[in-house]
Amino acid sequence: EEQKAEESSDVDTSSDEDEDEQEDEVSNTTDMSECKETSSVCQETKYEVKVEQDGEKEKKISDQEKVQKKPSEPAIFIPVDRSPEVQEARLKLPVLAEEQVIMEAVRENPSIVICGETGSGKTTQVPQFLYEAGYASGGRMIGITEPRRVAAVSMSHRVAKEMNLPTQVVSYQIRYEGNVTSDTKIKFMTDGVLLKEIQKDFLLQKYSAIIIDEAHERSVYTDILIGLLSRIVPLRNKKGMPMKLLIMSATLRVEDFTENQRLFRTPPPVIKVDARQFPVTIHFNKRTPLEDYTGEVFHKTCKIHRMLPPGGILVFLTGQAEVHSLCRRLRKFCIQLKMRKLKPQREAGIGDEEDGDSDLDLGDDAADGEEKADASIPLYVLPLYSLLAPEQQAKVFRPPPPGTRLCVIATNVAETSLTIPGIKYVVDCGRVKKRFYDKVTGVSSFKVTWTSQASANQRAGRAGRTEPGHCYRLYSSAVFGDFALFSEAEITRRPVEDLVLQMKDLNIEKVVNFPFPTPPSTEALVAAEQLLVSLGALEEPPCTGRLKEMQRAKLSCPITPLGRAMASFPVAPRYAKMLALGKQQDCLPYVIAVVAAMTVREIFEDLDRPARSEDESSKLNQRRARLTQMRRLWAGQGASLLLGDLMIMLGAVGACEFAGCTPRFCENSGLRYKAMVEIRKLRGQLTNAVNAVCPEVGIFVDAKMTPPTEHQVVCLRQIVLAGLGDHLARRAQGDDLVDPKWKNAYKTPLMDEPVFIHPNSALFKKLPEFVVYQEVMETSKMYMRGVSAVEAEWVPQFLPQYCHFGSPLESPSPWFCSSTGTVRCHRSSTFFRVGWQLPAVEME
Ligand code: CDP
Ligand code: MG
């Protein structure tokens, strides 16, 4: 204890100016001393856990433990009624061996880190340890966050089943759904859900412990949660309502959390769970296919199935489309294989499998593989990816039908979040699909890139859960050597305006001082604050004072009332601004529909992909023609056409609701059914959010809406302009057109390169002079997506903050000039002051 006291006084005196700055941004209601966690605070606090009396057995902990017990620890043991099978299975999990160590560490420390291989039992067992130790008693819950919805849902079911408790007690909450009740004691949720809860209750008083799972994935929300919880936990202790934080990672690389002085003054202890991992033999390819890696994956999988002894196969690909296409190919292969079985041996060898065995090194087992293998065993092929329906996902956990070989074709989701039983072979394409953003322009693109060494090793590890396994890497060891060691934290790779707004709403004014496990670049933070200022969500920084002060002010703009309203809408700030403006001219139901469609993304089936066969090709062409026809219909005529792609979205949502949003309607119209269902849910959620902010408006959104009037369409275009103001583009003209690359192109303020309207766009042929776009995606060209036409005279009226009013010659902004000779102040742009009925401003 003496040592502890010393340590804590050390902490007390160590505060210098810098640290002051770091601390007070977390909550301006939170002063430095409150954030500090000292052992004396822990001792003073009483843990409010009541022993459950009604009929439940109370098991006493051993005497020795009692002696060591501290006043702050829960004094009870809540029994769990597990079936003998569950009991037996769980005893095999490595994490069980560490139960005592983990629980002791939890008692002694406010925060701990647990590292253990995927499949060692962290996600399913640690919540149960806490439950048994009484952390779910006394009216508080145990919360577990997952970066993926799939994991939150499936893990809650699994734990409920293991504990023999109903889903009212072990529940989940994801963005659109959940089964949490007032009886919930263990709550699985996505990290985004917990972040929203922090906004409502900074102290998270409903919880006695929070487990941040899959921390190694370094998802943006996980990172932010860890930063926030590093402050919330000591605050809770200080207030006499102790809370525990457990960070769980599948890799040992946790220095960003433990050795980060800004995060935890005293590094949290790291408990390593020794995985009972069987050896996995790694087989590299001699050469690395650069183009058709999916073909290579197919050949390898077929080969494993034909030649190697029983055992499940897990294939890693990069996306949903690839997964489905490989599933189809493999099923076809199985049928062919079965037919071939009926013919004499010598004829074996199906057409598309003739790539010589030289670099299809199948390891030792391959030598006598032919004899061992029984090719008549059907391959039981299952897809697995995040967006797959839960019933489909659950299939991978069940044993395959007797006499079949399990073959799961998965994306990253099988890397660490989910453990599939019975896998002996892993086929790793070595790639991963990621969204990349341009730091300056925000232009995004999906790119398939090499994965990291850490990820590749995680993938390989999936083969050794139940017995020794094999991992086939479809790239050479030299290529592997060039992989990055670890994947970068997501927060360093994407724009952060949404996070900055959420943090400001939590009264974290100086986001730059927030204890991020890995901070985003200052550049990204400045860009975010600038955008939020121009949307009216943050107050404008003062333009006076010394340069340094001005720069600092740029990174600590206070939130405005509009910003608070925007932060309460669960969509990106640009769209939140549109919602805030939506009540003009009864436009809200339309704005909600458009914002929902833009947020859900990819509402149309992807028909631009190349066809795999002749057959498919003609079918695809038919569907393309049909979708083009529907798009044209939804885009409408005349005035509504000018709302462009957003009108198409609105038309699709409206039509779909009138048709009852059935899978059949979607299939026939080229819409993604899942997306449409999600849009419906999001519309409901946004309606509630808007009603909560302005109860006096009290809108009711009828799923079935009538098309907007011409007047409303104009209003919608203006609202869209106000939200997407920084995404304004003007048709290239004058000198630019000398260079043919500028033909039909648009200029934007931030990019030097021409951007284009996509051929699928409603405005492809119209080429209006000014447009706003949802985003620019780089594919074969820089294409704007979600394009709407706007009128030139609206720009100075609604976006004065982006205009320089001066003579055209001296205007520093070549993409837009006006000429009133004055420089207008930005302030007038917040929506409360913009009157939509005003006649167009005279620009001269
Ligand atoms: O979180 P971690 O990766 O350490 O392991 P886990 O997800 O708790 O999984 C522990 C064990 O439970 C694994 O062997 C899984 O195969 C099994 N499990 C299962 O059979 N069905 C589920 N729905 C979830 C887990
Ligand atoms: Mg896990």
Side-chain angles (χ1 to χ4, degrees), residues 92-95 115-124 146-148 150-151 154-155 158 213-214 216-217 248-252 273-284 297 300-301 304-305 308-318 322-323 326-327 362-363 365 379-386 388 393-400 405-432 451-475 480 483 486-487:
K92 291 198 190 121
L93 294 172
V95 79
C115 297
E117 270 287 338
T118 306
S120 55
K122 300 181 301 298
T123 311
T124 52
E146 299 287 337
R148 300 164 198 270
V150 190
S154 85
M155 290 302 166
R158 170 74 181 189
D213 201 6
E214 311 284 345
H216 61 274
E217 283 205 18
M248 304 209 291
S249 164
T251 65
L252 284 173
V273 177
D274 275 335
R276 200 176 300 121
Q277 174 80 15
F278 292 91
V280 175
T281 317
I282 309 271
H283 309 269
F284 284 102
V297 169
K300 188 73 83 178
T301 311
I304 293 172
H305 180 47
L308 298 185
I313 307 173
L314 172 61
V315 178
F316 283 99
L317 283 176
T318 70
E322 273 177 19
V323 166
L326 183 62
C327 283
L362 280 175
D365 291 339
L379 207 50
Y380 180 55
V381 184
L382 293 175
L384 181 67
Y385 49 85
S386 295
L388 193 67
Q393 282 165 359
K395 280 188 186 169
V396 303
F397 295 116
R398 292 198 284 266
R405 187 204 285 268
L406 177 69
C407 178
V408 179
I409 316 296
T411 59
N412 259 7
V413 64
E415 204 172 283
T416 59
S417 317
L418 302 176
T419 301
I420 304 158
I423 298 298
K424 186 173 164 70
Y425 307 100
V426 163
V427 179
D428 176 16
C429 75
R431 289 152 169 99
V432 65
T451 183
S452 64
Q453 290 192 2
S455 284
N457 291 338
Q458 284 289 338
R459 290 178 180 186
R462 307 302 86 232
R465 297 303 315 156
T466 36
E467 55 178 317
H470 294 269
C471 172
Y472 298 93
R473 291 184 169 161
L474 301 187
Y475 41 91
F480 176 78
F483 284 7
F486 296 93
S487 312

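Residues: numbered from 1 along the sequence shown.
- Relative to the ring axis of Phe397, Arg158 does not place its NZ or CZ within 45° and under 6.0 Å from the centre.
- For the pair Pro468 and Phe278, the minimum side-chain heavy-atom distance is below 4.5 Å.
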(request) Determine, step by step, whether Gln458 and Thr118 satisfy the side chain to side chain donor-acceptor pair (under 3.5 Å) criterion, reporting the C-alpha distance in whole Å, the side-chain angles of both residues, the deciding distance to 0.1 Å, and the verdict. (result) CA-CA 8 Å; Gln458 284 289 338; Thr118 306; 3.1 Å; yes
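- A donor-acceptor distance shorter than 3.5 angstrom exists from the side chain of Gln453 to the backbone of Phe480, with no hydrogens or angles considered.
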(message) Please evaluate residues Asp213 and Met155 with respect to the criterion side-chain contact (heavy atoms from CB on, under 4.5 Å), reporting the C-alpha separation (whole Å), side-chain torsions for both, the decisive distance (0.1 Å), and the verdict.
(response) CA-CA 11 Å; Asp213 201 6; Met155 290 302 166; 5.9 Å; no
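- Formation of a donor-acceptor pair under 3.5 Å by the Lys424 side chain with backbone atoms of Ala463 is not found in this model.
- Thr416 pairs with exactly one of Arg462, Glu117, Glu214 by the side chain to side chain contact (heavy atoms under 4.5 Å, CB included) rule, that one being Glu214.
- When Val427, Leu379, Val315 are each tested for a side chain to side chain contact (heavy atoms under 4.5 Å, CB included) with Ile304, only one passes: Val427.
- Ring-plane geometry between His470 and His283 is classed as parallel, the angle between the planes falling under 30 degrees on a 0 to 90 degree scale with a further cut at 60.
- In this structure, Cys407 SG and Leu382 CG are separated by 8.5 Å, a value rounded to the nearest 0.5 Å.
- Counting heavy atoms from C-beta outward, Cys471 and Arg459 have side chains that stay 4.5 Å or more apart.
- Interatomic distance, CE of Met248 versus SG of Cys115, reported as 11.0 Å (0.5 Å rounding).
- Atom CG in Leu317 sits 9.0 Å away from atom SG in Cys327 (nearest 0.5 Å).
- Using a 4.5 Å heavy-atom threshold, the side chains of Leu384 and Ile420 count as touching.
- Here Cys429 contributes atom SG and Lys300 contributes atom NZ; the two are 13.0 Å apart, rounded to the nearest 0.5 Å.
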